[in-house]
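These figures come from a predicted structure and were not determined experimentally. Throughout, numbering of the chain's residues begins at 1 and tracks the sequence.
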Amino acid sequence: MRFSSRQEDRLIDALTALYCIIGNPVSHSLSPAMHNAAFRALGINAVYLAFKVDEEKLQEAVEGFKAIGVRGFNVTIPFKRSVVDFLDELDEKAAKIGAVNTVKAEGGKLFGFNTDGMGFIRSLEEEGICYRGKNVLIIGAGGASRAICAYLSEHCNVTVVNRTAKKAESLAADFGLNWASLDDIPSILASFKEGDLIVNTTSVGLKDEDLELFDYERLLKPSFVVVDIIYGKDTKLLKSARKIGCKAVDGEGMLLYQGVEAFKIWTGKNPPIDVMRKALKSSS
Ligand code: NAP
C-alpha cells in the first residue's frame, strides 16, 4: 500500500511501526489523520489506525497490543479510566487524574500518560489567553475536566460546578479546588473580573443544541473568556459568547496539542504542528 504521492511517502513494510486509538465509538476520530500526516512529514516508518473495541474486550485488546508490539496508542471514550487497570505504570499526572489518553510501549511494559490537560493549556497559550492568577469556572466534572483541573489548579482560582454535585465535590477535594452546583453559576459569575475564564467541559452543546448550562445572554459579559472544549462544532455557548463580545475558543486547539504531546512521548521528536493542524482542519 502506498500513501499519497508526496515525496516523503514510503511503503508500509515489515518494519512499519503501529500506533492507534481505541474507543467506542471511534469512527469520528481525527487522530489518525493528524498522526499519519506527522509521521509522513517526518519520514517516520509508522502508521496510525483506529480500532473500535467492545467494553468487555478492552483487556484482550490491550494485551493483544502488548503481544504484537504496538508502539503506542491513544485512548478515548469510554476507556480513559478503565484502561488504567491494564497498564504497567502511570506517570504522576495521569495517576492523579485517574485517567489515561496516551499509552507508550517500552521494554515490554505499557506506560500511561494524560496529555489532555497540557493540550488545553497549550491551546490557551496559543490563543494568547492569560490564565495565571485568574478566576476560572469549570463546568463539568468528567474525565476531561479532571485533566484540565490537574493543570489549572496550579495557577488559578478554580471553581468546579457539575450537574451531579457529588462529582464536583470529589474532584475539588482531589485537586484542592472550590466546588458548587450549577445553580450557583449566577453568583459565581457576578464576582468575575476582566479576563476571567469560563470553561465548558460537559458534552452539553454536542447534541442537545438548545440546552443552556446557564442563562448565556444574561450572565456573560464581554470581558470574559469563554472556552468550550467540544470541537468540530460551533456550540450555543460559543455563539452566545461571541455575540456578547467575549473571546470565545473551541476545543480544536486542545485536540491538536494533546496529539502533539502524545507524538512527543511516542517518538521523542518535535512534531510538525502546522502539518497536524492542517490535517485536522481538512478532515473535520
Ligand atoms: P465524561 O467523563 O463522560 O463527562 C461528561 C460531563 O458532562 C459530566 O460532567 C456530565 O455531568 C456532564 N453532562 C453530560 N450531559 C449533561 C447535561 N445534560 N447537563 C449538564 N451536564 C451534563 O466526558 P469527558 O471525557 O469529560 O468529555 C466531555 C466533553 O469534552 C465531550 O464533549 C468531549 O468531546 C470533550 N473533549 C474534548 C477534548 C479535546 O481535545 N478538545 C478532549 C476530551 C474531551 P454528570 O457528572 O452529572 O453526568
Side-chain angles (χ1 to χ4, degrees), residues 75-82 84 90 92-101 114-121 123-124 129 131-193 195-208 210-216 218-221 224-231 235-238 240-241 246 248-251 254 258:
V75 184
T76 188
I77 288 173
F79 301 129
K80 286 185 184 182
R81 274 179 173 275
S82 47
V84 165
L90 297 188
E92 202 183 325
K93 271 277 191 310
K96 185 122 199 246
I97 295 164
V100 158
N101 78 329
N114 193 313
T115 66
D116 282 336
M118 179 54 89
F120 175 81
I121 292 290
S123 73
L124 292 190
I129 295 169
Y131 53 91
R132 289 170 199 274
K134 299 289 182 192
N135 293 310
V136 183
L137 172 67
I138 304 267
I139 310 173
S145 174
R146 290 187 69 84
I148 289 170
C149 286
Y151 283 84
L152 286 186
S153 61
E154 293 166 8
H155 307 288
C156 313
N157 175 34
V158 178
T159 303
V160 185
V161 298
N162 193 48
R163 177 178 61 178
T164 310
K166 269 213 152 316
K167 272 171 71 181
E169 183 180 10
S170 147
L171 190 161
D174 287 349
F175 294 100
L177 308 173
N178 311 307
W179 70 277
S181 82
L182 285 178
D183 294 340
D184 297 317
I185 291 179
S187 61
I188 294 166
L189 292 183
S191 70
F192 266 32
K193 300 182 191 69
D196 285 345
L197 276 83
I198 300 166
V199 184
N200 175 36
T201 72
T202 76
S203 45
V204 170
L206 200 56
K207 289 187 198 124
D208 28 23
D210 293 326
L211 195 61
E212 294 200 359
L213 291 153
F214 56 91
D215 186 339
Y216 300 154
R218 193 167 65 83
L219 297 175
L220 289 173
K221 293 186 192 143
F224 296 167
V225 175
V226 176
V227 185
D228 194 329
I229 67 164
I230 290 171
Y231 55 84
T235 61
K236 187 169 188 185
L237 173 60
L238 288 179
S240 306
C246 310
V249 177
D250 72 7
M254 176 175 170
Q258 63 76 31

Between D250 (side chain) and Y231 (backbone), is there a donor-acceptor pair under 3.5 Å? no
Once you round to the nearest 0.5 Å, how far does CD1 of I185 lie from CG of D183? 8.5 Å
Given the options L137, L177, N135, N157 meets side-chain contact (heavy atoms from CB on, under 4.5 Å) only with N135
Inter-residue atom distance C149.SG - K96.NZ, 0.5 Å rounding: 10.5 Å
Can you confirm whether V136 sits close enough to D196 that some side-chain heavy atom of one is under 4.5 Å from a side-chain heavy atom of the other? no
As an exercise, state the distance from CD of Q258 to CD1 of I121, rounded to the nearest 0.5 Å. 14.5 Å
State the CG-CG distance between L219 and L189, to the nearest 0.5 angstrom. 6.0 Å
N/O donor-acceptor pair under 3.5 Å between N162 side chain and A165 backbone: no
All heavy atoms of K221 vs all of A190, minimum pair found to be NZ-O, 4.2 Å
I129 vs V249, test: side-chain contact (heavy atoms from CB on, under 4.5 Å). Steps then yes/no. CA-CA 10 Å; I129 295 169; V249 177; 3.7 Å; yes
Between G140 and T202, which heavy-atom pair has the shortest distance, and what is it? CA-CG2, 3.5 Å
Indicate yes or no for a side-chain donor-acceptor contact from E212 to the backbone of Y216 under 3.5 Å, with no hydrogens or angles considered. yes
Answer yes or no: is there a side-chain heavy-atom contact under 4.5 Å between T201 and I148? yes
For V226 against L238, the heavy-atom pair lying closest together: O-CD2, 4.1 Å
In short, S145 meets L171 closest at the heavy-atom pair OG-CD1, 3.5 Å
Please say whether the positively charged group of K93, taken as NZ for Lys or CZ for Arg, lies over the ring of Y151, i.e. under 6.0 angstrom from the six-membered ring centre and within 45 degrees of the axis. yes
Sub-4.5 Å side-chain heavy-atom contact between F214 and L237: yes
Hey, are the side chains of L152 and I138 touching, using non-hydrogen atoms and a 4.5 Å cut-off? yes
Any sub-3.5 Å donor-acceptor pair from S240's side-chain atoms to K236's backbone N or O? yes
If you look at every heavy atom in Y131 and L197, which pair is closest and at what distance? CA-CD1, 4.3 Å
Minimum heavy-atom distance C246-L220, with the two atoms named: SG-CB, 4.3 Å
Side chains of V160 and F175: closer than 4.5 Å at any heavy-atom pair? no
Atom CD of E169 and atom CG of N178: how far apart are they, to the nearest 0.5 Å? 12.5 Å
For K166, does its backbone N or O pair with a side-chain atom of T164 as donor and acceptor, under 3.5 Å? no
Is T235 reaching over with its side chain to a backbone N or O of G205, donor-acceptor style, under 3.5 angstrom? no
What distance do I188 atom CD1 and S181 atom OG have between them, rounded to the nearest 0.5 Å? 8.0 Å
Report yes if the side chains of V199 and D228 come closer than 4.5 Å at any heavy-atom pair, otherwise no. no
pair I139-I198: side-chain heavy atoms closer than 4.5 Å: yes
Is a salt bridge present between R146 and D116, judged by a nitrogen-to-oxygen distance below 4.0 Å? no
